[in-house]
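These numbers were taken from a predicted model, which means no experiment stands behind them.
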Amino acid sequence: MSSTPSSSALAILAQLLSFDTTSRESNLALIDWVVAYLAGHGIAAKLTHSDDGRKANLYAAIGDASLPAIILSGHTDVVPVDGQIWQFPTFALTQADGKVYGRGSADMKGFIACVLAQVPVWVALAKTQRWHRSLGIALSYDEEVGCLGVGRLIADLQARQVPVAGCIIGEPTGMRPVIAHKGIAHYRCRVQGRAAHSSLTPQGVNAIEYAARLITHIRKLADTEASFGNRHPLYDVPFTTLQTGLISGGNAANIVPKSCEFVFEVRWLPGDQHERFVSSVRDYAVNLLQEMREVAAEADISFEQLVNCPPFQSEDGGEIREHVAALCGCQGGDAVAYTTEAGRFHEAGIACVVCGPGSIVQAHRPDEFVELSQLAACEAWLAALQQRLISIE
């Protein structure tokens, strides 16, 4: 097997990396480019847009669309580069030392480029071979901010009754199958107290201090779960975790702060229910609020769910697991603590495996890269997958 990807894959990756698809930006320039590329090979794409029309998912089928599809899925958005120090250009392809650098090279435009590079071959083969499955290409928006876009893509597939045999999500796994991952939920908590001069603290309600008590409660829940919670031996962090990631509040050191807000997360194992932790935090907040309102009737504590991505656990057996096991030369697979769109597909009844080029260690970091050998392995893997679709009975 070659250790170098095709020139086509590299050219497509260079184009994809040139689009700044940071989640706060539109992805339409990239989507429009892919639509035109597919149209050039006779493939029509179906788009589903965000409410404001600034972003879109894409779905396209190769082969007989009435046949169940093996979907190859990737997200188009990337995380910001703000505050990071890069040696290489951020939104461009730089090839050096057997690697391709650029934001999104590993997570996950490398996989998308490998898929698109196969399109001309697949289109030609579909005209001469009898396939027992079609191939689907799915590109989504806003994965990095909570798997927000792919739900509309899935809903569209269901509304159009597109038959699906399974889905391969090409997140960077070193081309090893990932068959389970945790879910993730983010909640914003807003604490409203009463401002006062710091020399008159009994007349105020310190929102930061009450927020700190809630955060301490969250920490205690996390510690209890680490010590006594359920375990899943496949995971490197084999229990459900909680943590507070953002906090802001106060105006000056000599003012009792009126407001404070923080964001906390839960990453839970398949089979667990993250709501039980959130309920505990809410119950504790009720007790604190009674105390706060003894001084300030206007005091309040509120919660807002920001992200809720379900966990994923692939079932043993099944067609998609058989394909991936054969192509990877291994049985079973890994479990990871990060979250992917596999949870959304799985929730919709679509069997999934996560498998793609590169390492998650490189994702979100300065000088993000994917190794050329990984891209080459992915291309070979995709070519072998297509050959397997010919022989299915």
Side-chain angles (χ1 to χ4, degrees), residues 5-6 8-9 11-13 15-16 19 21 27-49 55-77 104 108-127 131 133-141 143 149-158 160 162-171 320 323-324 327 340-342 344-345 348 350-357 375 378-379 381-389:
S6 67
S8 175
I12 292 171
L13 182 52
Q15 188 66 57
L16 298 179
F19 297 110
T21 54
N27 74 335
L28 291 183
L30 182 151
I31 291 294
D32 289 345
W33 186 89
V34 175
V35 168
Y37 173 82
L38 293 173
H41 296 287
I43 302 298
K46 176 72 164 58
L47 305 186
T48 50
H49 289 82
K55 301 178 182 181
N57 302 306
L58 176 150
Y59 183 80
I62 301 174
D64 184 350
S66 68
L67 296 173
I70 300 292
I71 296 177
L72 305 169
S73 179
H75 63 81
T76 61
D77 61 318
M108 55 183 298
K109 293 179 177 179
F111 174 76
I112 295 171
C114 290
V115 170
L116 294 177
Q118 295 295 311
V119 167
V121 177
W122 289 337
V123 169
L125 290 175
K127 295 176 181 177
W131 291 6
R133 294 286 183 267
S134 63
L135 280 167
I137 298 174
L139 306 182
S140 66
Y141 66 86
E143 186 272 352
V150 73
R152 291 195 170 181
L153 186 151
I154 294 169
D156 177 68
L157 294 178
Q158 293 173 326
R160 293 190 289 125
V162 174
V164 178
C167 183
I168 298 168
I169 293 93
E171 291 279 1
I320 203 72
H323 287 318
V324 173
L327 294 169
T340 78
E341 291 174 334
R344 294 286 188 212
F345 283 101
I350 297 172
C352 296
V353 175
V354 182
C355 188
L375 296 175
C378 183
E379 284 198 279
W381 196 96
L382 291 168
L385 172 65
Q386 189 279 326
Q387 290 301 308
R388 283 185 60 83
L389 304 188

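- Closest of all the heavy-atom pairs between Val35 and Ala45 is CG2-CB, 4.2 Å.
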Distance-only check: which donor-acceptor pairs under 3.5 Å involve side-chain atoms of residues 109-117, not counting sequence neighbours?
{"from": "Lys109", "atom 1": "NZ", "to": "Leu16", "atom 2": "O", "distance (Å)": "3.0"}
{"from": "Lys109", "atom 1": "NZ", "to": "Phe19", "atom 2": "O", "distance (Å)": "3.1"}
{"from": "Lys109", "atom 1": "NZ", "to": "Thr21", "atom 2": "OG1", "distance (Å)": "2.9"}

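- In this structure, Trp33 and Tyr37 have parallel ring planes: the angle between them is below the 30° cut-off, well short of the 60° mark.
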_From CA spacing to verdict: side-chain contact (heavy atoms from CB on, under 4.5 Å), Leu125, Trp131_ = CA-CA 9 Å; Leu125 290 175; Trp131 291 6; 4.1 Å; yes
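- A pairwise comparison of heavy atoms in Arg133 and Pro68 identifies CD-O, 3.2 Å as the closest pair.
- Shortest non-hydrogen contact noted between Met108 and Gly74 is CE-CA, 3.4 Å.
- Between the side chain of Asn57 and the backbone N or O of Gly149, at least one donor-acceptor pair lies under 3.5 Å.
- Side-chain contact between Leu139 and Tyr59 is absent, with no heavy-atom pair separated by less than 4.5 Å.
- Note on residues 61-76: pairs passing side chain to side chain donor-acceptor pair (under 3.5 Å), not counting sequence neighbours, are Asn27-Thr76, Asp64-Ser66, His75-Asp77, His75-Asp107, His75-Glu143, His75-Glu171.
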*Apply side-chain contact (heavy atoms from CB on, under 4.5 Å) to the pair Ile62 and Ile43, showing each step before the final yes or no.*
CA-CA 7 Å; Ile62 301 174; Ile43 302 298; 4.0 Å; yes
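- The CG atom of Leu135 sits 10.5 Å away from the CD1 atom of Ile71 when rounded to the nearest 0.5 Å.
- Contact annotation: the side chain of Leu382 approaches that of Leu72 to within less than 4.5 Å [non-hydrogen atoms, C-beta and beyond].
- Taking 4.5 Å as the limit, every side-chain heavy atom of Val353 sits out of range of all side-chain heavy atoms of Ile169.
- Note that SG of Cys167 is 8.5 Å distant from CD of Glu341, once rounded to the nearest 0.5 Å.
- The side-chain hydrogen bond (donor to acceptor under 3.5 Å, both in side chains) search around Ser134 returns none, not counting sequence neighbours.
- Residues Ile320 and Ala351 share a closest heavy-atom pair of CG2-CB, 3.9 Å.
- Between His323 and Leu389, the closest heavy-atom pair is NE2-CD2, 4.0 Å.
- You'll find the side chain of Ile168 reaches within 4.5 Å of the side chain of Trp381, heavy atoms only.
- For the atom pair OG (Ser6) and CG (Leu13), the distance works out to 10.5 Å, reported to the nearest 0.5 Å.
- Every residue was checked against the side-chain hydrogen bond (donor to acceptor under 3.5 Å, both in side chains) condition with Gln118, not counting sequence neighbours, and none meets it.
- Considering all non-hydrogen atoms of both residues, Gly63 and Ala126 come closest at CA-CB, 4.2 Å.
- A salt bridge (Lys or Arg N to Asp or Glu O under 4.0 Å) check over residues 37-47, counting only residues at least two apart or in different chains, returns the pairs Lys46-Asp156.
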*Please walk me through it: do Ile137 and Val119 pass side-chain contact (heavy atoms from CB on, under 4.5 Å)?*
CA-CA 10 Å; Ile137 298 174; Val119 167; 3.8 Å; yes
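- In terms of the ring-ring contact (aromatic ring centres under 6.0 Å, His included) criterion, His49 has no residue partners (sequence neighbours excluded).
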*Begin from the C-alpha positions of Lys55 and Thr48 and carry the test side-chain contact (heavy atoms from CB on, under 4.5 Å) through to its verdict.*
CA-CA 8 Å; Lys55 301 178 182 181; Thr48 50; over 6 Å; no
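- With a 4.5 Å cut-off on side-chain heavy atoms, Leu47 and Ile31 count as touching.
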